Amino acid sequence: MPNTPRTQLFCVPHAGGSAGVFRPWQRSFPEDIEVVPLEPAGRGVRRGEPFATELTDAAAELSAMMLDRLTGDDFVLLGHCMGALLAYEMVCHLERHGRQTPRTLIVSGRNPPHLQTAWGKRVAGLPDDALFAELSAVGGVPKGLSRAMAQGFLDIIRNDQRMVHAYTPAQPVHRVTTPVRVLAGSEDEMTHADQLPGWSAYTTGPVGVDYLPGGHYFLYDWPEQVALRVAGTPAPGVATA
């Protein structure tokens, strides 16, 4: 029997996160979807490399990494929080250079690119102990990581925050041709229902907004729903705008 074509799902993590947050999906997704986590510099298997300082530079590097791993014509790009900004800029980079673009761009846990997150701005200047406590309160600390062991993690968070806070989308806005699917947590205070449809200013394609139960890191609890979005299958019971 010939091999069934697989859709590749390339995944970009949140601020402070690594490719490892998506590895459980590799065991739980259907066989016709290959989950391919992408690792930004300075963490995980790339922890010895210097951090990126410009979000657009990081996006260009991740785009090259993605193209190197691309095995077919059908792929989807997903990013959560900071990863949503990176994923959008990756599609911009691909279009500007005439390269293959994803079938769908899934942006999760992030208001449109021109809007900074109030929570991120509020905690950016906190001392380490207070920042760790704030991250713990929203579920942003890896399981089992104590404050005593967290300095490397906090260094990653602070660099990612600096990079995100220094970022502004190009003017005029680059409107990608890729359709955009927005995912949001129903209890996530870092996104706002009246702002999420504003992603329509960043694409010439259709935009849909889906809400799933949970706070800011809701995405990682819903692999089945993400798989439906990748497949383009309607998901019954999910609130949609």
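It should be emphasised that the depicted structure is a prediction, and the values quoted were computed from it without experimental measurement.
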If you define the side chain from C-beta out and look only at heavy atoms, does anything of [X] sit under 4.5 Å from [Y]?
| X | Y | answer |
| --- | --- | --- |
| Thr203 | Val91 | no |
| Val138 | Glu189 | no |
| Pro206 | Pro179 | yes |
| Phe10 | Arg69 | yes |
| Glu39 | Val12 | no |
| Leu62 | Leu86 | yes |
| Leu9 | Val226 | yes |
| Leu196 | Val207 | no |

Cut-off 3.5 Å, side chains only: do [X] and [Y] have a donor facing an acceptor?
| X | Y | answer |
| --- | --- | --- |
| Thr7 | Glu34 | no |
| Asp128 | Gln151 | yes |
| Glu95 | Thr177 | yes |
| Glu54 | Tyr167 | no |

Is the shortest side-chain N to carboxylate O distance from [X] to [Y] below 4.0 Å?
| X | Y | result |
| --- | --- | --- |
| Asp155 | Arg47 | no |
| Glu61 | Arg46 | yes |
| Arg6 | Glu31 | no |

Reported [atom1]-to-[atom2] distance for the pair [X] and [Y], which is rounded to 0.5 angstrom:
| X | Y | atom1 | atom2 | value |
| --- | --- | --- | --- | --- |
| Arg175 | Ser200 | CZ | OG | 7.0 Å |
| Leu67 | His97 | CG | NE2 | 11.0 Å |
| Tyr217 | Asp188 | OH | CG | 9.0 Å |
| Ser63 | Leu77 | OG | CG | 8.0 Å |
| Met90 | Thr56 | CE | OG1 | 13.0 Å |
| Gln100 | Met66 | CD | CE | 8.5 Å |

Tell me whether [X] contacts the main-chain N or O of [Y] through its side chain, where contact means a donor paired with an acceptor under 3.5 Å.
| X | Y | result |
| --- | --- | --- |
| His93 | Glu89 | no |
| Trp199 | Arg110 | yes |
| Asn111 | Met190 | yes |
| Asp160 | Gly16 | yes |
| Asn159 | Ala52 | yes |
| Arg43 | Ile156 | no |

Shared hydrophobic cluster for [X] and [Y] (ILVMFWY, side-chain gaps under 4.5 Å):
| X | Y | result |
| --- | --- | --- |
| Leu70 | Leu38 | yes |
| Val123 | Leu115 | no |
| Phe75 | Met65 | yes |
| Met149 | Leu154 | yes |

Verify side chain to side chain contact (heavy atoms under 4.5 Å, CB included) between Val176 and Thr204, making sure each step is shown before the conclusion.
CA-CA 6 Å; Val176 301; Thr204 60; over 6 Å; no
Would you check, one step at a time, whether the test side-chain hydrogen bond (donor to acceptor under 3.5 Å, both in side chains) holds for Tyr202 with His174?
CA-CA 6 Å; Tyr202 292 85; His174 184 122; over 6 Å; no
Heavy-atom pair of closest approach, residues [X] and [Y]:
| X | Y | result |
| --- | --- | --- |
| Ile157 | Ala15 | CD1-O, 3.4 Å |
| Phe218 | Ser108 | CZ-OG, 3.4 Å |
| Met82 | Pro13 | CE-O, 4.0 Å |
| Val173 | Ala201 | CG1-O, 3.5 Å |
| Pro213 | Ser186 | CA-OG, 3.3 Å |
| Phe22 | Pro37 | CB-CG, 3.9 Å |

Within a radius of less than 6.0 Å around CZ of Arg99, do more than 12 heavy atoms belonging to other residues, nucleotides or ligands occur?
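No, the 6.0 Å shell around CZ holds no more than 12 heavy atoms from other groups.
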Can you confirm whether more than 12 heavy atoms, excluding those of Asp73, are under 6.0 Å from its CG atom?
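12 or below, so no.
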Using side chain to side chain contact (heavy atoms under 4.5 Å, CB included), reason through Asp210 and Arg181 one step at a time and then give a plain yes or no.
CA-CA 8 Å; Asp210 292 345; Arg181 173 62 59 179; 3.1 Å; yes
Suppose we call two aromatic rings close when their centres sit under 6.0 Å apart. Are His80 and Tyr220 close by that rule?
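Yes, the ring centres sit under 6.0 Å apart.
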Test side chain to side chain contact (heavy atoms under 4.5 Å, CB included) on Trp119 and Glu134 and set out the steps.
CA-CA 9 Å; Trp119 181 90; Glu134 289 278 359; 3.7 Å; yes
What do the steps show when you test Leu78 against Arg229 for side chain to side chain contact (heavy atoms under 4.5 Å, CB included), and what is the final call?
CA-CA 10 Å; Leu78 172 149; Arg229 304 267 77 70; over 6 Å; no
